[in-house]
Amino acid sequence: MIAVHNLSKTYTGNTVLNIEHLEIEKGKSFGLVGNNGAGKTTLFSALLDLIQPTTGYIENNGIKVNSSEDWKSITAAFIDESFLIGYLTAEEYFYFIGELRGQNKADVDALLSKFEDFFHGEILGKKKYLRDLSKGNQKKVGIVATLIGNPEVVILDEPFANLDPTTQIRLKQIIKELSADPNVTVLVSSHDLMHVTEVCERIVVLDKGIVVKDIVTSAETLKELEEHFGKNAIADTVEEANQ
Amino acid sequence: MVKHFVSLQWKSFWRSASMSSGLFMKIFMAFWACWLALMSALGGIAFYKLVKEKLELDPLETLNRFLIYWWVGDLLFRYALQKMPVINIKPLLLLPFNKNKIVSFAFGKTVFSFFNVIHAFFFIPFSLVLIKNGHPVTNVLLWHLGLIALAYANNFLNILLNKKDNLIFLIGGVLAIFGGLHYFGYFDVTVYTAPFFQGLYDLGWMVFVPMAALIVLIALSFRSFTSDLYLDAGLATKSKDIKTENLDWLNRFGRTATFLKNDIKLIKRNKRAKSTVLVSVFFLFYGLLFFTGAVEAYDGPVWKIFAAIFVTGGFLLSFGQFVPSWDSSYYPLMMSQNIKYKEYLSSKWWLMVIATLISTVLASGYLYFGWDVYLAIIVASIYNIGVNSHVVLWAGAYVKTPIDLTSNKKAFGDKQAFNTKTLLLSLPKMALPMVLYAIGHYAYSPNAGYALVTIAGIAGFAFKDAVFTKIEKIYKTEKYKTLSAYKQKN
């Protein structure tokens, strides 16, 4: 579904992303883990053609993202609050996205009714603009909006951050259901190793822009990841001590 | 402690996103600041001479008569433009500072604000001229001191009043009514206020009145500010209960309706966007300067077209120049959705066309000055719709200033369109219709001039698609630059 070819991104001599080859199969759920500055958001932004790669390119469903826009109709993403329109209410926002994706109000309402649990009565029918909602509630709106119009690729950057425990559990359920659909490819990034191992069938670890691990999730994955990041922490301490 | 505050302020000034804009912009701003200061200083010197020799009145008394308008006008100006010192307070709350110190610093900062300093450029030269012309030094100094106190009283009054919404309309309304009554000779408010300002000069002790007022205002605003230093009080952002709106009747515009509905909400719900509507209302009255013959320099026939362009195009010019910056806060969303750029553009275009038509209808009040004037307005309206709407959108494509929708306080306005491309593109907006009219007017007759401008306007429609395609191309090539520019917030 998604293929990364020789992708690199350099800001003033500082390479923040460098991936020679990465292929994500259709219908899979794909997890991206890494410390701050590992290049997760950069990769997602490049995938959405929001930044221009220094070298290489990304293909989405066989379409080069920076030369055609045809991938847009099958792709939905929520990266950060710049994907929300602050002066709309949640309903207005959902309908707006719906209209862009060729869904009428009834379609959108039908979809929203499935997420009443997830919203926990804090989103719909509230007399508030999105900019006045809490961070967590904004996130709920953004996540659900990506599901409007049956996208084939769903990209969520740090979807678990800022959510309360109940909502985190519900979100995991939602992602699992999504990835059960053989037509939907889900891409998730997270700092929470436990959540990612639970919802993703494949996990890639980025470190300073380079793929350092590529694991098919199994019972041992969590331990492996914890060891990897724990080792990093130890290595850093040793390095500091040596200095 | 104060050293810390000052260094914070220093950094926040020099490192702000707007400062890092191009060298050209910095020079441009510096130029305007110097220009304004110079003009004020010259005004201060020339005022004395002009009033004395041309009007044969006492300059000081004349100035004192009008000082009430200066004072209220200044307050209005501050209310609309001066930024409140709250902005950087939040991170300081938890640090081991005394709250009084934070407030004193925030207030101290306002003392050096542009809005306070600018008055000095007029009044100091004027006072010097007074002394040079034989007015007693002590009296002039006391008078001057009184005015300084009044200017600073405004500074703190503004801090107190700024919490109240809509007060600006009340004050502005009162000012307009008194100004109107004065102008038409029904009631002269200055008769009652001039003695006070004159008193500052004549009677030494009067200076204690503004001084006392200033001290009371400082104390009041200090107290109200300190007690409000809580996240849920003075530092809170207000949110009102609002309703979901249904604008489905707009669906007749087809695919464009999706964006049109959004744009209408954008204008209704955001301070910054609302103020463009206000600007267009002001521009409606702009023509009065020209058509009443109030300003001699504007009497030439060509100026009619100039005025009419502004009268009907206030919204078009002030809104259009910031497309697509209005959508800057969610530009990544727009860029990752399946959007036809032409539909997005044509929504903005329709909005400008509708606003221009409304302005044209409202401008029918100018019929009072004769058919000829209204004809100029209609012709300019056609030109605005046919040509300027496209040019404005085109120029906007080069503007990459993110807009903070929720705030309309920008001391110097946005550093927006001042790059060479947009400056060049502003020529056809104003100059071309004036030139066209002049050709027709002087070569044949006024009607021929109108006809030429109208033809240009109608011809503009023919290029709509071509221009939109061109703009779309610009947006595509500038996409990444725009995205990264919008990411930087102040």
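Because only heavy atoms are used, hydrogens play no part in the values below, and waters and symmetry mates are left out as well, while side chains stay in. Within every chain, numbering begins at 1; the chains are lettered A, B, ... in the order of the sequence lines, protein sequences first and strands thereafter.
Surrounding NZ of B:Lys473 are at most 12 heavy atoms belonging to other residues, nucleotides or ligands under 6.0 Å away. More than 12 non-hydrogen atoms from other residues, nucleotides or ligands lie less than 6.0 angstrom from NZ of B:Lys342. More than 12 heavy atoms of other residues, nucleotides or ligands shown are found within 6.0 angstrom of NZ on A:Lys176. The number of heavy atoms from other shown groups lying within 6.0 Å of NZ (B:Lys481) does not exceed 12. Within a 6.0 Å radius of NZ in A:Lys28, other residues, nucleotides and ligands contribute 12 heavy atoms or fewer.
A salt bridge does not link A:Glu92 with B:Lys261: none of the charged nitrogens is closer than 4.0 Å to a carboxylate oxygen.
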Apply the test side chain to side chain contact (heavy atoms under 4.5 Å, CB included) to residues B:Tyr486 and A:Ser82: give CA-CA distance (whole Å), side-chain angles for both, the deciding distance (0.1 Å), then the verdict. CA-CA 10 Å; B:Tyr486 285 166; A:Ser82 67; over 6 Å; no
Output, in order, the C-alpha distance, side-chain angles, deciding distance and verdict of side chain to side chain contact (heavy atoms under 4.5 Å, CB included) for B:Thr258 and A:Tyr95. CA-CA 9 Å; B:Thr258 312; A:Tyr95 294 142; over 6 Å; no
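When all heavy atoms are compared, the tightest approach of A:Tyr87 to B:Asp327 is OH-OD1, 4.4 Å.
Remark: A:Leu100 CG to B:Met334 CE distance equals 7.0 Å, nearest 0.5 Å. The distance from the OH atom of A:Tyr129 to the CZ atom of B:Arg269 is 4.0 Å, given to the nearest 0.5 Å. With values rounded to the nearest 0.5 angstrom, B:Ser336 atom OG is found 11.0 Å from A:Phe78 atom CZ.
Looking at A:Glu99, both its backbone and its side chain come within 4.5 Å of chain B, counting heavy atoms on both sides. Both the backbone and the side chain of A:Leu50 come within less than 4.5 Å of a heavy atom in chain B.
Between chain A and the options B:Leu266, B:Ile339, B:Leu483, the largest number of non-hydrogen pairs under 4.5 Å is found for B:Leu266. Contact tally against chain B (heavy-atom pairs below 4.5 Å) for A:Thr89, A:Leu48, A:Ile85, A:Ile51: the top residue is A:Ile85.
Side chains of A:Tyr93 and B:Tyr330: no donor on one and acceptor on the other come within 3.5 Å.
Side-chain contact check for B:Leu333 versus A:Ile79: every heavy-atom pair is 4.5 Å or farther apart. The shortest side-chain heavy-atom distance between A:Ile97 and B:Gln337 falls under the 4.5 Å cut-off. Between B:Asn270 and A:Arg131, the closest side-chain pair of non-hydrogen atoms falls below 4.5 Å. B:Lys476 places a side-chain heavy atom less than 4.5 Å from the side chain of A:Glu69.
Judged by distance alone, with hydrogens and angles left aside, the side-chain atoms of B:Lys479 form a donor-acceptor pair with the main-chain N or O of A:Asp49 at under 3.5 Å.
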